Amino acid sequence: LLLLVRPITAVMSTPEEAVEGTVRYLTICFLGIPFITAYNIISSIFRGMGDSKSPMYFIAVACAANIALDYLFMGALKLGPAGAALGTTLSQAVSVVVSLLAIRKRKLLAVRAADLRPQRAVLGKLLRIGLPVMLQDGLIQVAFIVITVIANHRGLTDAAGVGIVEKIISFVFLVPSTMLSTVSALAAQNLGAGKPDRARQTLRCAICIAAGFGAVMAVLMQFIAGPVVGLFTPDAAVIAAGAQYLRGYIFDCMFAGVHFCFSGYFCARGKSGLSFLHNIVAIVLVRVPGAYLMSARFPQTLLPMGLATAAGSLCSVLICLLAYALLTRHDRRTEQPN
């Protein structure tokens, strides 16, 4: 990625006046990828041991560090986009260091050289579940990049508005996105204990939480979208554009939360291919073409583009409901005594 920074910037149709800032931002963020990987692995180990609180504490420390570093780099030192990237990357490094210190202090794990040798059976299981999830997440990010390209073609104001909203959405999505790992862990434990009904109950409860949170945020943002975007910029035009996009995009929080829950359940059952399937269908058939068509048809407002993104997640929800119904029907037949 470091070797492809400028080609990536060009492919994204970045406005000329923002090219150098984008290059600096991406370069620093790409340097931080090992920290993101390390944090996710360590957090997964903690959750696998039944401790979901520690990863929360680690990320809380990272968030606090990120805020402080943003004030330092972007405020006091006025480093612009590079300062934002530095704050994010260094805060991720802080979370990794804190988590490693916690492991050492609690003596949770003793890693030996022999533990690092590849084991074919274990790798096979990891890849069967992990590859579809990796492709799913990768395609989602590609879709976001494509939408960014579409926004960039609309000019610097709309591009800035979409960029700000993406940051806001990434924060709001913390609740629904955590439902994926939560449902995956709890459903897997119950399935392993021979309690499929409790696994399904876990899914239903998580859907209620995610959908309820998403609905509250969708209603709330209709009234406060402008002030929320205004926290990131004083430019009135950018605030107006971003508010339009946010009012439509925020509905994705509700629908995405639901299909995140289903994805966690499918992964718990070892059927992560279903997660990949509903995401790729939604991206190819709805999310990307919908954003392009709405942008072309409504050049004066970003609201339809935001709604197109949410429509993609709604498509995923419908596919997940169908897949879940078929799986449940199969389970009922299997569970019935002969």
Side-chain angles (χ1 to χ4, degrees), residues 63 67 140-141 143-180 205-262 278-279 282-283 285-318 320-321:
C63 287
I67 293 170
I140 289 173
Q141 296 306 316
F144 286 139
I145 290 174
V146 173
I147 291 172
T148 300
V149 171
I150 294 171
N152 286 345
H153 278 292
R154 294 171 62 106
L156 188 58
T157 296
D158 283 359
V162 169
I164 289 172
V165 171
E166 293 291 353
K167 290 290 186 181
I168 295 169
I169 289 294
S170 66
F171 176 76
V172 175
F173 263 44
L174 287 175
V175 172
S177 63
T178 53
M179 287 299 163
L180 194 157
C205 291
I207 287 174
C208 289
I209 294 171
F213 174 80
V216 169
M217 294 306 300
V219 173
L220 186 62
M221 285 300 172
Q222 303 309 309
F223 300 98
I224 65 170
V228 170
V229 176
L231 294 173
F232 296 83
T233 177
D235 191 311
V238 173
I239 293 173
Q244 293 168 356
Y245 190 58
L246 182 55
R247 289 191 179 99
Y249 197 162
I250 195 62
F251 288 99
D252 194 27
C253 183
M254 181 168 53
F255 300 133
V258 175
H259 75 68
F260 283 153
C261 293
F262 276 114
H278 75 73
N279 274 286
I283 289 169
L285 297 184
V286 181
R287 191 184 297 266
V288 171
Y292 175 78
L293 290 173
M294 293 300 100
S295 176
R297 189 172 180 82
F298 300 96
Q300 303 303 321
T301 176
L302 285 170
L303 176 63
M305 267 188 68
L307 291 172
T309 302
S313 287
L314 177 58
C315 176
S316 281
V317 170
L318 296 176
C320 287
L321 286 170

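If you're wondering where the values come from, they're calculated on a predicted model, not measured in any experiment.
Between Ile283 and Ala143, the shortest heavy-atom distance links the atoms CG2-CB, 3.8 Å. In this structure, Val228 and Leu246 approach most closely via the heavy-atom pair CG1-CD2, 4.4 Å. In plain terms, the two heavy atoms of Ala308 and Ala291 that are nearest each other are CB-N, 3.6 Å. When all heavy atoms of His259 and Asn279 are compared, the pair lying nearest together is CE1-OD1, 4.0 Å. Residues Pro304 and Thr301 approach most closely at CD-CG2, 3.6 Å, considering heavy atoms.
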Which pairs of donor and acceptor atoms, one on a side chain in residues 209-225, lie under 3.5 Å apart (sequence neighbours left out)?
{"from": "Gln222", "atom 1": "NE2", "to": "Ala218", "atom 2": "O", "distance (Å)": "3.0"}
{"from": "Gln222", "atom 1": "NE2", "to": "Arg247", "atom 2": "O", "distance (Å)": "3.0"}

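The side-chain hydrogen bond (donor to acceptor under 3.5 Å, both in side chains) analysis of residues 143-162, with sequence neighbours excluded, yields the pairs Ser13-His153, Arg154-Asp158, Arg154-Ser295. Within the structure, salt bridge (charged side-chain N to carboxylate O under 4.0 Å, His left out) contacts touching residues 286-308 (residues at least two apart or in different chains) are Asp252-Arg287. Here ring pair (Phe, Tyr, Trp, His ring centres under 6.0 Å) pairs that include residues 227-257, with residues two or more places apart or in two chains, are Tyr245-Tyr249. Listed by first then second residue, pairs satisfying side-chain hydrogen bond (donor to acceptor under 3.5 Å, both in side chains) with a partner in residues 169-178 number zero, not counting sequence neighbours.
Under the rule for a ring-ring contact (aromatic ring centres under 6.0 Å, His included), the partners of Phe262 that lie at least two apart in sequence or sit in another chain are Tyr324. Applying the side-chain hydrogen bond (donor to acceptor under 3.5 Å, both in side chains) rule to Thr309 yields no partners; only residues at least two apart in sequence or on another chain are considered. Residues that satisfy the side chain to side chain contact (heavy atoms under 4.5 Å, CB included) test with Ala282, not counting sequence neighbours, are Cys315, Ser316.
No side-chain heavy atom of Leu307 sits less than 4.5 Å from a side-chain heavy atom of Met294. By the 4.5 Å heavy-atom criterion applied to side chains, Ile250 and Ile169 are counted as neighbours.
The environment of OH in Tyr292 is sparse: at most 12 heavy-atom neighbours from other residues, nucleotides or ligands sit within 6.0 Å.
Between the CD1 atom in Ile164 and the CG atom in Leu231 there is a gap of 10.0 Å [rounded to 0.5 Å]. One finds the CZ atom of Phe260 at 10.5 Å from the SG atom of Cys320 (value rounded to the nearest 0.5 Å).
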